[in-house]
Amino acid sequence: MALRACGLIVFRRIVNCIPPLDNIEYLLLQTSYGKHHWTPPKGHVDPGEDDFTTALRETKEEAGLDAQQLLVIDDFVKELHYEVRGKPKKVLYWLAELRDPGTGVTLSDEHQDYRWAKLDEACALAQFKDLQDTLKAAHRHLQAQQEKK
């Protein structure tokens with residue numbers, strides 16, 4: 001049985017950014033345990049809890065951001081598969097925009113730092129190829145949406 005976790009790739013748009021397609025920053029949290037890796041907010045699914053509820057709960061617990069502060073992008077979800085200490089793990093990520101780009105982040109004890117980063121920096125912090133690919137896919141999705149406007 002694979003471990004299962006869910007989270008949100010939270011982003012914000014910087015107002016008055018030139019060029020406008022370069023106005024997106026992603027939220028990454030640095031763990032306070034292990035190798036202090038950087039990821040979007042995510043966590044394990046509790047018994048009886050659905051995946052999306054887990055993603056919202058974990059984002060609130062780990063970053064202090066609740067559902068009312070976020071606008072979930074309905075047509076984006078990515079599934080990652082990898083191993084943690086020899087056990088398979090499945091992670092689902094949804095994409096969500098922070099409604100007010102100035103909203104503060106409040107970290108839980110599980111994290112020691114956070115950063116808002118443009119795509120290149122976010123991928124450098126993320127380190128793992130599957131997470132980098134997911135961030136790039138999210139960015140392409142947002143660019144395609146913006147070009148439609």
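- Grouping the Ile, Leu, Val, Met, Phe, Trp and Tyr side chains by contacts below 4.5 angstrom, directly or via other members, places Leu71 apart from Phe11.
- In terms of the side chain to side chain contact (heavy atoms under 4.5 Å, CB included) criterion, residue partners of Gln30 (sequence neighbours excluded) are, by chain and number, His36, Trp38, Gln112, Asp113.
- Among pairs with a residue in residues 92-101, those fulfilling side chain to side chain donor-acceptor pair (under 3.5 Å) read Arg13-Glu97, at least two apart in sequence or across chains.
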Please determine whether side-chain contact (heavy atoms from CB on, under 4.5 Å) holds for the pair Glu58 and Cys6, giving the CA-CA distance in whole Å, both sets of side-chain angles, and the decisive distance to 0.1 Å. CA-CA 8 Å; Glu58 288 290 340; Cys6 299; over 6 Å; no
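- The salt bridge (Lys or Arg N to Asp or Glu O under 4.0 Å) search around Glu110 returns none, not counting sequence neighbours.
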Solution key, residues 72-81 side-chain donor-acceptor pairs under 3.5 Å, sequence neighbours excluded:
residue: Asp75; atom: OD1; partner: His141; partner atom: NE2; Å: 2.9
residue: Glu79; atom: OE2; partner: His81; partner atom: NE2; Å: 2.7

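- The side-chain heavy atoms of Trp116 and Val10, taken from C-beta on, include a pair separated by under 4.5 Å.
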Pair Lys118-Glu25, salt bridge (Lys or Arg N to Asp or Glu O under 4.0 Å): steps then yes or no: CA-CA 4 Å; Lys118 293 193 176 178; Glu25 292 182 329; 5.5 Å; no
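- Taking all atoms of both residues into account, the shortest heavy-atom contact from Leu135 to Ala126 is CD1-CB, 4.1 Å.
- Contact between Ala122 and Ala117 at its shortest, heavy atoms only, is N-CB, 3.7 Å.
- Taken to the nearest 0.5 Å, the NZ atom of Lys60 stands 8.0 Å off from the CG atom of Leu65.
- In this view, Gln132 satisfies the side-chain hydrogen bond (donor to acceptor under 3.5 Å, both in side chains) rule with no residue, not counting sequence neighbours.
- Applying the salt bridge (charged side-chain N to carboxylate O under 4.0 Å, His left out) test to pairs two or more places apart or on separate chains, those with a residue in residues 31-54 are Arg4-Asp51, Asp46-Arg57, Glu49-Arg57.
- With sequence neighbours excluded, the residues satisfying side chain to side chain contact (heavy atoms under 4.5 Å, CB included) with Asp133 are Lys129.
- Listed for the Glu62 side chain is no donor-acceptor partner under 3.5 Å among the backbone atoms of Thr59.
- Partners of Leu56 according to the side chain to side chain contact (heavy atoms under 4.5 Å, CB included) rule, which considers only residues two or more places apart in sequence or in another chain, are Leu8, Phe52, Ala67.
- The environment of Tyr82 atom OH is dense: over 12 non-hydrogen atoms of other residues, nucleotides or ligands sit within 6.0 angstrom.
- Thr31 places a side-chain N or O within donor-acceptor distance of the main-chain N or O of His37, the cut-off being under 3.5 Å.
- The pair Arg115-Glu121 meets the salt-bridge criterion, with a side-chain N (NZ, NE, NH1 or NH2) lying under 4.0 Å from an Asp/Glu carboxylate O.
- Listed by chain and residue number, nothing satisfies the salt bridge (Lys or Arg N to Asp or Glu O under 4.0 Å) test with Arg140 (two or more places apart in sequence, or in another chain).
- For the atom pair OG1 (Thr103) and CZ (Arg12), the distance works out to 9.5 Å, reported to the nearest 0.5 Å.
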Test side-chain contact (heavy atoms from CB on, under 4.5 Å) applied to Leu29 and Leu107, step by step: CA-CA 8 Å; Leu29 310 178; Leu107 293 178; 3.7 Å; yes
side-chain contact (heavy atoms from CB on, under 4.5 Å) evaluation trace for Tyr114 with Leu28: CA-CA 6 Å; Tyr114 74 92; Leu28 292 178; over 6 Å; no
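- No donor-acceptor pair under 3.5 Å is formed between the side chain of Thr106 and the backbone N or O of Ala63.
- In the hydrophobic cluster analysis, where Ile, Leu, Val, Met, Phe, Trp and Tyr join through side-chain heavy atoms closer than 4.5 angstrom, Leu92 is grouped apart from Val45.
- With sequence neighbours excluded, the residues forming a ring-ring contact (aromatic ring centres under 6.0 Å, His included) with Tyr26 are His139, listed by chain and number.
- To the nearest 0.5 angstrom, Leu70 atom CG is 10.5 Å from Leu95 atom CG.
- One distance of note links CG of Leu131 with OG1 of Thr39; it measures 7.0 Å at 0.5 Å rounding.
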Does the pair Leu27 and Leu98 meet the rule for a side-chain contact (heavy atoms from CB on, under 4.5 Å), with working shown? CA-CA 10 Å; Leu27 176 63; Leu98 188 60; over 6 Å; no
